[in-house]
Amino acid sequence: MSDSAVLSEGVGVVHLFWKVTPLSDRDAVLAAFKQVRADGDQVLAVAMLGHKADLAVMALGPDLWRLRNLQTELTLAGLELVDSYVSITEVSEYAADVPDAAKQARLYPILPPEGKEAWCFYPMSKKRTGEENWFTLPFDRRRELMYEHGTSGRKFAGRLVQLITASTGFDDYEWGVTLFAQRPEDLKDVVYTMRFDEASAVYADFGAFYTGVVADDEAALSAVGVR
Ligand code: 76R
């Protein structure tokens with residue numbers, strides 16, 4: 001294989017949403033996860049609430065072929081893919097002056113964060129319509145608005161980890177938002193609070209929301225009925 005499916009910086013991130021079927025094979029799923037980790041990539045399982053999916057699998061790694069291979073192995077393990085999101089890690093242009101260590105943590109996150117099992121995912125874009133066009137605002141104004149956003153986000157320090165991954169050119173929205181929280185209500189509180197930041201109140205467009213609970217592989221599979 002050539003290197004053209006390998007990121008030169010950061011990692012690819014797939015959110016794969018699955019339904020359990022009568023053919024779902026626990027050992028095959030566990031073996032697929034084991035292979036991801038043996039390759040030095042990361043994978044985590046989320047037991048989902050509601051009808052949209054039973055299981056979410058998040059995988060992170062620089063080589064898109066390996067991420068593709070995981071998807072194939074899970075399909076062969078009898079899970080049915082019902083939704084997905086494809087993105088990559090990045091350092092936001094508004095975080096250009098954060099210390100190097102913080103940049104590395106954005107590009108190469110270690111997941112899942114400990115003690116933060118309440119999980120949600122949703123995609124979002126910034127508007128490009130009429131008066132509400134984020135992309136026609138001057139950089140300095142966008143930076144101000146993102147500063148306000150960061151300030152309101154930091155009030156959740158310790159209770160919440162945000163992973164913002166970039167998907168312009170990869171998927172239907174511009175970012176994937178993955179939140180890991182100490183308590184389920186932290187998810188609601190942060191999303192609600194940010195609705196009042198101008199960057200979100202005026203400029204954000206959201207896709208579907210997915211909610212679940214992060215668990216170790218065995219517990220997640222048991223919870224969703226892959227026994
Ligand atoms: O990188 C940093 O931590 C610096 C500050 C920061 C940036 C640059 C930051 C902080 N965010 C940044 C970028 Mn965020 N964030 C969201 C959402 O639901 C909504 O209204 C929006 C979804 C949440 C909940 C959230 C939480 N953030 C971004 C970007 C990229 C913009 C770009 O590059 O153009 C998006 C799309 C986005 C969206 N943000 C924080 C949070 C929280 C909780 C923080 C504080 C994190 C901390 O300091 O630990």
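Ligands are counted one by one from 1 in listed order, and the atoms in each one are counted from 1 as well.
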Between Val29 and Arg26, is the side chain to side chain contact (heavy atoms under 4.5 Å, CB included) condition met? List the steps. CA-CA 5 Å; Val29 174; Arg26 184 180 178 95; 5.9 Å; no
Take Asp186 and Lys116 through the salt bridge (Lys or Arg N to Asp or Glu O under 4.0 Å) test and state the conclusion after the steps. CA-CA 10 Å; Asp186 293 334; Lys116 297 190 172 56; over 6 Å; no
Please tabulate, one line per pair, the protein N or O atoms found under 3.5 Å from any N or O atom of ligand 1, giving the distance to one decimal.
| from | atom 1 | to | atom 2 | distance (Å) |
| --- | --- | --- | --- | --- |
| ligand 1 | 1 (O) | Arg106 | NE | 2.9 |
| ligand 1 | 1 (O) | Arg106 | NH2 | 3.1 |
| ligand 1 | 3 (O) | Arg106 | NH2 | 2.7 |
| ligand 1 | 11 (N) | His149 | NE2 | 3.0 |
| ligand 1 | 11 (N) | Gln162 | NE2 | 3.1 |
| ligand 1 | 15 (N) | His149 | NE2 | 2.9 |
| ligand 1 | 15 (N) | Gln162 | OE1 | 2.8 |
| ligand 1 | 18 (O) | Tyr122 | OH | 2.6 |
| ligand 1 | 20 (O) | Ser200 | OG | 2.6 |
| ligand 1 | 27 (N) | His149 | NE2 | 3.0 |
| ligand 1 | 33 (O) | Ser92 | OG | 2.8 |
| ligand 1 | 39 (N) | His149 | NE2 | 2.9 |
| ligand 1 | 39 (N) | Gln162 | OE1 | 3.0 |
| ligand 1 | 39 (N) | Gln162 | NE2 | 3.1 |

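The salt bridge (charged side-chain N to carboxylate O under 4.0 Å, His left out) analysis of residues 92-105, with sequence neighbours excluded, yields the pairs Glu93-Arg142.
Aromatic pair Phe170/Tyr85: ring centres not closer than 6.0 Å.
More than 12 heavy atoms of other residues, nucleotides or ligands shown are found within 6.0 angstrom of CZ on Phe139.
Between Arg141 and Glu144 a salt bridge is recorded (basic side-chain N to carboxylate O distance below 4.0 Å).
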